[in-house]
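Values below: every heavy atom of this structure, side chains too, minus hydrogens, waters and symmetry copies.
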Amino acid sequence: MNSVGEGCTDLKREYDQCFNRWFAEKFLKGDRSGDPCTEMFKTYQVCVQKAIKDKDIPIDGVEFMGPNKEKPES
């Protein structure tokens with residue numbers, strides 16, 4: 001799946017590969033020492049936020065997940 005911004009697609013793929021590798025090789029085997037992809041995610045997130053702004057996509061009231069953010073209670 002491509003990213004919302006054309007220029008972000010490569011960053012998304014790199015992050016997805018990093019995350020999937022970490023998740024399968026570390027997290028699922030009990031190693032919860034940290035996510036080595038956090039900086040990559042932050043770079044991708046900035047790119048997406050810029051693309052959203054450039055495309056005037058309304059995001060008022062939308063909350064975003066990311067590193068160090070807790071999932072809201074349902």
Side-chain angles (χ1 to χ4, degrees):
M1 175 189 268
N2 289 337
S3 181
V4 68
E6 268 184 49
C8 305
T9 298
D10 286 343
L11 291 171
K12 179 187 183 308
R13 287 189 183 130
E14 289 174 23
Y15 169 72
D16 286 347
Q17 287 177 351
C18 180
F19 178 84
N20 290 334
R21 187 178 325 109
W22 168 79
F23 189 76
E25 295 175 6
K26 302 287 185 178
F27 185 83
L28 290 178
K29 294 179 180 175
D31 182 353
R32 300 197 175 31
S33 60
D35 178 358
C37 310
T38 300
E39 290 305 313
M40 200 176 293
F41 175 80
K42 288 178 184 178
T43 302
Y44 170 60
Q45 185 179 42
V46 168
C47 186
V48 168
Q49 288 170 342
K50 182 180 182 319
I52 288 171
K53 184 177 179 181
D54 291 348
K55 292 182 178 193
D56 290 324
I57 298 172
I59 58 169
D60 293 337
V62 176
E63 295 199 23
F64 294 93
M65 295 291 296
N68 304 321
K69 291 193 176 184
E70 291 186 27
K71 187 174 181 179
E73 299 279 331
S74 327

Out of Asp16, Thr9, Asp10, which residue meets the side-chain hydrogen bond (donor to acceptor under 3.5 Å, both in side chains) rule with Lys12?
-> Asp16
Would you mind telling me which of Glu14, Gln45, Gln17 makes a side chain to side chain contact (heavy atoms under 4.5 Å, CB included) with Met40?
-> Glu14
Distance col, row Arg13:CZ vs Asn2:CG, nearest 0.5 angstrom, shows 5.0 Å
CD on Gln49 to CD1 on Ile52, rounded to 0.5 Å | 7.0 Å
When the ring planes of Tyr44 and Phe41 are compared, do they come out parallel, tilted or perpendicular, using 30° and 60° as the limits?
-> perpendicular
By side-chain hydrogen bond (donor to acceptor under 3.5 Å, both in side chains) - contacts of Asp56 (at least two apart) | none
Gap separating the CG atom of Asp35 from the NZ atom of Lys26, nearest 0.5 angstrom | 12.0 Å
How many angstroms lie between OG1 in Thr38 and OH in Tyr15, if you round to the nearest 0.5 Å?
-> 7.5 Å
Separation of Glu39 CD from Lys42 NZ (nearest 0.5 Å) | 4.5 Å
Could you tell me which non-hydrogen atom of Ser3 sits nearest to which non-hydrogen atom of Cys8, and how far apart they are?
-> OG-CB, 3.3 Å
Quick one: list whatever passes side-chain hydrogen bond (donor to acceptor under 3.5 Å, both in side chains) with Arg21, sequence neighbours left out.
-> none
What closest approach, in Å, do Glu25 and Lys29 show between heavy atoms, and which atom pair accounts for it?
-> O-CD, 3.5 Å
